[in-house]
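Notes for the one structure printed next.
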Protein chains: 2
Amino acid sequence: MFELDVRSRKPIYEQLVERLKELIITEVLTADEQLPSVRTLAQQLTINPNTIQKAYRELESQGYIYSIKGKGSFVSAATPNLNSEKIEKVKNELSKLLSEAIYLGITKNELFKLIQEIEAAIGGGIEDDQNP
Amino acid sequence: MFELDVRSRKPIYEQLVERLKELIITEVLTADEQLPSVRTLAQQLTINPNTIQKAYRELESQGYIYSIKGKGSFVSAATPNLNSEKIEKVKNELSKLLSEAIYLGITKNELFKLIQEIEAAIGGGIEDDQNP
DNA sequence: TGTAGTGTACTATGATTCCTAGTACAGTTA
DNA sequence: TAACTGTACTAGGAATCATAGTACACTACA
């Protein structure tokens, strides 16, 4: 479920945040589902519990999960913090990346197709579950 | 022309790479145009020449500029290294960011519009010169 | 030719970040 | 009570970032 690259220059906790976001967005992890405890996940991944906690703290601050002392950490329902500041930030990053993509020769049609695929994957993640 | 945030957790040389890429992609800096020397730019920005060189080295490895010992550093003509590996990498990053954008409530239409705007900003300069 | 400018390659040092290890405390649940 | 949970510290090693300084090879120009 988690593939971490310890040698990567990208910090482990950031890899964790990315991966968990992905699982939440694609609804592999559903609302109010309990996440592994920091100690359990740390043991599974053979990394330090503090690193897990750092990732969970980041995800909580971004609204993707919530934690209850003594109980555990859980996936937030539906939408995370919908502050316009965050949306602007994502749009800004998106602009840079899209500019580079177009400069590299990726066509508009390819980008449109990519968006369609992603939307299908997010909206249709459940139906595909029990397909042959 | 360059706005650096020394306090940011994003390294200065990465900020430089991003900003220069942006200027090259939007053709504010045109092909074969000479960039400021590492020492000059370092003095202007009040940072170390080594930091500038690191950014230039990165840009050269990505094909955006080329350097000639004794002469200077220059903007590469047209397309950078078009290896499929790099394109795949960009597409992959794009997928993650697009997923997050959609999850945050940004609509497909907004994304399409964004792409149109970017393409207009990039491609507009050339096509207006002379039409086939 | 000499000189000033260019890119490039080192070493060394301090600051910061990442990750680990260990300990401790507060809350929940069976 | 006992075993789990999140959370908050301290301390240390390793890596990265940016700085400072020095040096060398090359180019352009007076």
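Computed from a prediction, not measured in an experiment: that's the story for all the values here. All chains are named by letter (A, B, ...) in the order of the sequence lines, taking the proteins before the strands, and each is independently numbered beginning at 1. Hydrogens, waters and symmetry mates are skipped; everything else that's a heavy atom, side chains included, is used.
- The separation between Leu16(A) atom CG and dC18(C) atom P is 14 Å, rounded to whole Å.
- Between Phe74(B) atom CZ and dA28(D) atom C1' the separation is 11 Å, expressed in whole Å.
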field: Contact pattern, 5' to 3', of nucleotides 4-16 of chain D - B, S or - by protein heavy atom under 4.0 Å
entry: -BBB-B-------

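- To the nearest angstrom, P of dC19(C) lies 13 Å from CG of Leu45(A).
- When rounded to the nearest whole Å, the span between CG of Leu41(B) and P of dG5(C) equals 17 Å.
- In terms of the ring pair (Phe, Tyr, Trp, His ring centres under 6.0 Å) criterion, Phe2(B) has no residue partners (sequence neighbours excluded).
- Residue Glu58(A) contributes atom CD, which lies 13 Å from atom P of dC19(C) at whole-angstrom precision.
- For Gln43(B), the side chain to side chain contact (heavy atoms under 4.5 Å, CB included) criterion is met by no residue, not counting sequence neighbours.
- Nucleotide dC19(C) holds its C1' atom 12 Å from the CD1 atom of Ile52(A), rounded to whole Å.
- When rounded to the nearest whole Å, the span between CD1 of Ile47(A) and P of dC19(C) equals 8 Å.
- Rounded to whole Å, atom C1' of dA20(D) lies 15 Å from atom CD of Gln43(B).
- In this structure Pro36(B) satisfies the side chain to side chain contact (heavy atoms under 4.5 Å, CB included) test together with Leu41(B), Tyr56(B), sequence neighbours excluded.
- Applying the side chain to side chain contact (heavy atoms under 4.5 Å, CB included) rule to Glu33(A) yields the partners Leu29(A), Thr30(A), Val75(A); only residues at least two apart in sequence or on another chain are considered.
- The residues Lys113(A) and Glu110(A) are annotated as not salt-bridged, no charged nitrogen and carboxylate oxygen being separated by less than 4.0 angstrom.
- Applying the side chain to side chain contact (heavy atoms under 4.5 Å, CB included) criterion to Glu14(B), with sequence neighbours excluded, gives Lys10(B), Pro11(B).
- For Thr51(A), no side-chain nitrogen or oxygen approaches OP1 or OP2 of dC18(C) to under 4.0 Å.
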